Amino acid sequence: MDAHRSHPTHEIAWSEVADDFVTECSRRVLMSLPRRDQRERGELYVSGLLSLTGRKSMRSIASITGGGAAEQRLHHFISKSSWDWVPVRKALASHLDRALDPRAWVVKPMVVRKAGRHTVGVAESFVPHLGQVVNNQRSYGVWLANDGHSAPVNWRLLLPGDWLGDARRRRRAEIPESVGVGDRASLPAATATATALEIARGWGLRRRPIVMDARDENAVALAGSLSAADVPFVLRISGATRLIGVDAARAGGRVQLATAQRLAEAAGRAGQAMQWMHRAGPGMPPTQVVRAEVMLPPGAGVCGPLLIIGALPPGEPRSQELWLSNMTKVPATVVLRLGGLVERVNRDFSEISTRVGAMDFEGRTFGGWHRHITLSSVAQGIVTLSAVRNKAGDPALGDLQLA
C-alpha cells in the first residue's frame with residue numbers, strides 16, 4: 001500500500017484557469033527570453049498546450065494562429081532557436097517554491113514509446129511497467145511536491161552511449177559538446193541524481209529532501225551519489241536490494257550482504273517496530289512500521305549509516321514498502337510520509353502532464369526536446385498555481401505568489 005491513499009486526488013478544473021492568469025504567468029516566467037517575438041511565441045505555445053485537446057503537435061498549436069507559416073515559426077522557435085531553457089526553469093521553480101512550500105523534491109522517470117531510431121535519445125530497453133523491451137526515450141524530471149500539489153521544474157534526457165559515441169547522430173540531434181562521451185550522466189542512476197542536484201546548486205531554492213521510487217533503478221548507486229553530495233534522500237527500494245545490516249556488525253557478527261526484505265523482517269522480530277495509525281481506516285488496525293540501520297555495500301561510496309523503513313499493512317505477511325534514507329534522526333513515520341509524495345507526483349503526471357503535452361514532442365533535436373518539455377512544465381505550473389489560488393479562495397493569490 002502506497003502512502004497518502006487517504007488524501008483525495010485534487011481535480012483540475014481546466015476551465016477555471018483564466019486566460020488573463022495564463023497570460024500573466026507566462027509573461028513572468030518567460031521574461032528571460034531575449035526577444036519580444038520569442039516571448040510571444042512562448043506564450044502562444046503555452047496557451048496551445050493548455051487549451052488544445054488531444055496530441056499537442058506544433059501543427060495543432062500553430063492552427064490557433066493560422067497554420068502553415070505559424071507552424072514553421074513555431075518549429076524554429078522550439079527546435080532551432082537559441083533561447084536558453086534553464087533561466088525559464090529557474091523562474092518557474094522560484095514561483096512554485098513560494099506557492100507550494102514543497103516538502104520534498106521528487107524525481108520521476110518518464111518513458112515515452114517511440115517508433116524509429118531518429119528521435120534524440122531513443123533506444124531499445126526493458127521497461128519494467130510494460131514488462132517488455134521497447135523502443136523508447138527516457139528522461140527524469142524533478143518535481144516540487146507537497147501533500148496536495150506537485151509540478152515539475154527541471155528535466156534531463158537520458159542519452160545512451162550509442163548516442164554519445166556516434167558523431168553522425170550527435171550532429172543530427174545537435175547534442176552539445178558539453179555532453180561528452182563517457183559522461184556518467186549517460187547512466188540512469190547518475191542522470192537521475194544530476195537532475196536533482198542541479199537545482200540544489202545555485203537555483204536559490206530552499207533545500208528539500210530528494211524522494212524517488214528507485215525500485216527499477218540502481219538504488220545503491222543513487223544512495224551513494226546523494227550521500228556523497230550530502231543531500232537528504234528517501235528512496236523506495238526493492239526487497240532484493242542488497243545492503244549490510246549494522247546491528248549484526250555491532251554485535252560482532254560476520255559482516256555480510258543481506259536483502260532489504262530480510263533486514264526489515266529481522267528488525268521486526270527484534271522488536272524494532274512501532275504502530276502507526278496514519279494509514280488506518282475506521283475500525284482498521286494500525287500499520288506496523290519497522291526500522292533497521294544499514295550501510296551500503298563496499299564500493300558504493302563512503303557514507304555513514306542509513307535507515308531502512310518498512311511499512312507492514314494490516315493482514316500482510318511482509319512489508320509492502322521499503323524505503324532507504326540517510327535521514328537517521330527523523331521519525332520513521334515522517335520518512336514514510338515523504339515517500340508518499342511519489343504517489344502525489346504520479347497522480348499529477350497522469351492527470352496534468354499527459355494533458356499539457358509532456359510526452360508529445362515530435363522533433364529530433366536535443367534542444368527542441370528541452371524547450372518543449374520546459375514549456376510543458378510552464379503550462380503545468382500554471383495549472384497548479386491556479387489550483388492553489390482557487391483552493392485558497394483568494395482570486396488575488398496567484399498574483400501574490402508571482403510577485
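Bear in mind that the values here come from a model prediction, so they are computed numbers and not experimental data.
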Trainee: Would you indicate whether the side-chain heavy atoms of E351 and R355 approach each other to under 4.5 Å?
Mentor: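 The answer is no, as the side chains (C-beta and beyond) never meet within the 4.5 Å cut-off.
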Trainee: If every non-hydrogen atom of G357 is compared with every non-hydrogen atom of H372, which pair is closest and at what distance?
Mentor: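 Closest approach of G357 to H372: O-NE2, 2.6 Å.
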Trainee: Could you report the tightest heavy-atom contact between N136 and S125, atom names first, then the distance?
Mentor: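 Smallest interatomic distance, heavy atoms only, reads ND2-OG, 2.8 Å.
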Trainee: Compare every heavy atom of L338 with every heavy atom of P209, then report the nearest pair and how far apart it is.
Mentor: CG-CD1, 4.2 Å
Trainee: What is the distance from atom OG of S26 to atom CG of L49, rounded to the nearest 0.5 Å?
Mentor: 9.5 Å
Trainee: Short question: side chain of R371, backbone of S81 - any donor-acceptor pair under 3.5 Å?
Mentor: yes
Trainee: Answer yes or no: is there a side-chain heavy-atom contact under 4.5 Å between R98 and H95?
Mentor: yes
Trainee: Kindly write out the residues that satisfy ring-ring contact (aromatic ring centres under 6.0 Å, His included) with F349, not counting sequence neighbours, or none if the list is empty.
Mentor: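 F349: no ring-ring contact (aromatic ring centres under 6.0 Å, His included) contacts found.
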Trainee: Go through the steps to decide whether L157 and V120 satisfy the test side-chain contact (heavy atoms from CB on, under 4.5 Å), and finish with yes or no.
Mentor: CA-CA 9 Å; L157 183 64; V120 60; 3.9 Å; yes
Trainee: Could you check whether any side-chain heavy atom of M359 comes within less than 4.5 Å of a side-chain heavy atom of T354, counting everything from C-beta outward?
Mentor: yes
Trainee: Would a distance-only check, ignoring hydrogens and angles, find a side-chain to backbone donor-acceptor pair under 3.5 Å from D97 to L205?
Mentor: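 Not at all, since once roles are kept as given, no pair shorter than 3.5 Å links the two residues.
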Trainee: Are D216 and P109 packed together at the side-chain level, in the sense that at least one heavy-atom pair is separated by less than 4.5 angstrom?
Mentor: no
Trainee: Quick one: do R208 and D101 make a salt bridge, cutoff under 4.0 Å?
Mentor: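 Looking at D101 together with R208, the answer is yes, because their closest N to O distance falls below 4.0 Å.
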Trainee: Could you give the distance from CG (L226) to OG1 (T193), rounded to the nearest 0.5 Å?
Mentor: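 Here the interatomic distance stands at 4.5 Å.
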Trainee: How long is the straight-line distance from CD1 of I373 back to CZ of R156, given to the nearest 0.5 Å?
Mentor: 14.5 Å
Trainee: To the nearest 0.5 Å, how far apart are OG1 in T191 and CG in L158?
Mentor: 4.5 Å
Trainee: Do R169 and W163 meet the cation-pi criteria used here (NZ or CZ under 6.0 Å from the six-membered ring centre, within 45° of the axis)?
Mentor: yes
Trainee: Assess whether atom CZ of R36 is packed by more than 12 heavy atoms of other residues, nucleotides or ligands within 6.0 Å.
Mentor: no
Trainee: Against W155, only a single residue in S377, S376, S139 fulfils side-chain hydrogen bond (donor to acceptor under 3.5 Å, both in side chains); can you say which?
Mentor: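 In the set S377, S376, S139, the residue that makes a side-chain hydrogen bond (donor to acceptor under 3.5 Å, both in side chains) with W155 is S377.
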Trainee: Does N326 use its side chain to pair, donor to acceptor, with the backbone of V231 at less than 3.5 Å?
Mentor: yes
Trainee: What is the distance from atom CD1 of I237 to atom CZ of R242, rounded to the nearest 0.5 Å?
Mentor: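 Going from the CD1 atom of I237 to the CZ atom of R242 covers 12.5 Å.
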Trainee: Restricting to salt bridge (charged side-chain N to carboxylate O under 4.0 Å, His left out), what partner residues turn up for R27, sequence neighbours left out?
Mentor: E43
Trainee: If you count heavy atoms of other groups shown closer than 6.0 angstrom to CZ of R262, is the number above 12?
Mentor: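 At most 12 heavy atoms, drawn from other residues, nucleotides or ligands, come within 6.0 Å of this atom.
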Trainee: Counting N and O atoms only, with roles assigned by atom type, does the side chain of S386 sit under 3.5 Å from a partner on the main chain of I382, one being a donor and the other an acceptor?
Mentor: no
Trainee: Answer whether the closest heavy-atom distance between the side chains of V289 and L336 falls below 4.5 Å.
Mentor: yes
Trainee: At what distance, to the nearest 0.5 angstrom, does CH2 of W369 lie from OG1 of T374?
Mentor: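 So the gap between those two atoms works out to 8.0 Å.
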Trainee: Could you check if a side-chain atom of I78 sits within less than 4.5 angstrom of a side-chain atom of L375, using non-hydrogen atoms only?
Mentor: yes
Trainee: Picking from K108, R344, H149, what satisfies side-chain contact (heavy atoms from CB on, under 4.5 Å) with W143?
Mentor: K108
Trainee: Test T241 against L324 for side-chain contact (heavy atoms from CB on, under 4.5 Å), laying out the working first.
Mentor: CA-CA 10 Å; T241 304; L324 181 67; 5.8 Å; no
Trainee: Any Lys/Arg nitrogen of D166 or R170 sitting under 4.0 Å from an Asp/Glu carboxylate oxygen of the other?
Mentor: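 So D166 does not pair with R170 through a salt bridge.
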Trainee: Can you tell which of W105, F233, Y140 makes a side-chain contact (heavy atoms from CB on, under 4.5 Å) with M212?
Mentor: Y140
Trainee: Answer yes or no: does atom CG of D37 have more than 12 heavy-atom neighbours from other residues, nucleotides or ligands under 6.0 Å?
Mentor: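 Yes, because the 6.0 Å sphere around CG of D37 holds more than 12 heavy atoms from other groups.
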Trainee: Would you say R55 has more than 12 foreign heavy atoms packed within less than 6.0 Å of its CZ?
Mentor: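 Yes - once you tally the heavy atoms of other residues, nucleotides and ligands closer than 6.0 Å, there are more than 12.
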Trainee: Is L322 close to S238 at the side-chain level, that is, under 4.5 Å between some pair of heavy atoms?
Mentor: no
Trainee: Taking the side chain from N135 and the backbone from V122, do they hold a donor-acceptor pair closer than 3.5 Å?
Mentor: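 No; judged by distance alone, with no hydrogens or angles, the pair does not exist.
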Trainee: Of all the heavy-atom pairs spanning R103 and D147, show the shortest one and how long it is.
Mentor: NH1-OD1, 2.8 Å
Trainee: Do any N or O atoms from the side chain of T23 and from the backbone of D19 form a donor-acceptor pair under 3.5 angstrom?
Mentor: yes
Trainee: Which pair of heavy atoms, one from A104 and one from V211, lies closest together, and at what distance?
Mentor: CB-CG2, 3.6 Å
Trainee: Compare every heavy atom of K56 with every heavy atom of D360, then report the nearest pair and how far apart it is.
Mentor: OD2-N, 2.9 Å
Trainee: With side chains defined as the heavy atoms from C-beta onward, is the minimum distance between R89 and V153 less than 4.5 Å?
Mentor: no
Trainee: May I have the step-by-step check of side-chain contact (heavy atoms from CB on, under 4.5 Å) for L296 and L243, ending in yes or no?
Mentor: CA-CA 5 Å; L296 297 181; L243 300 161; 3.9 Å; yes
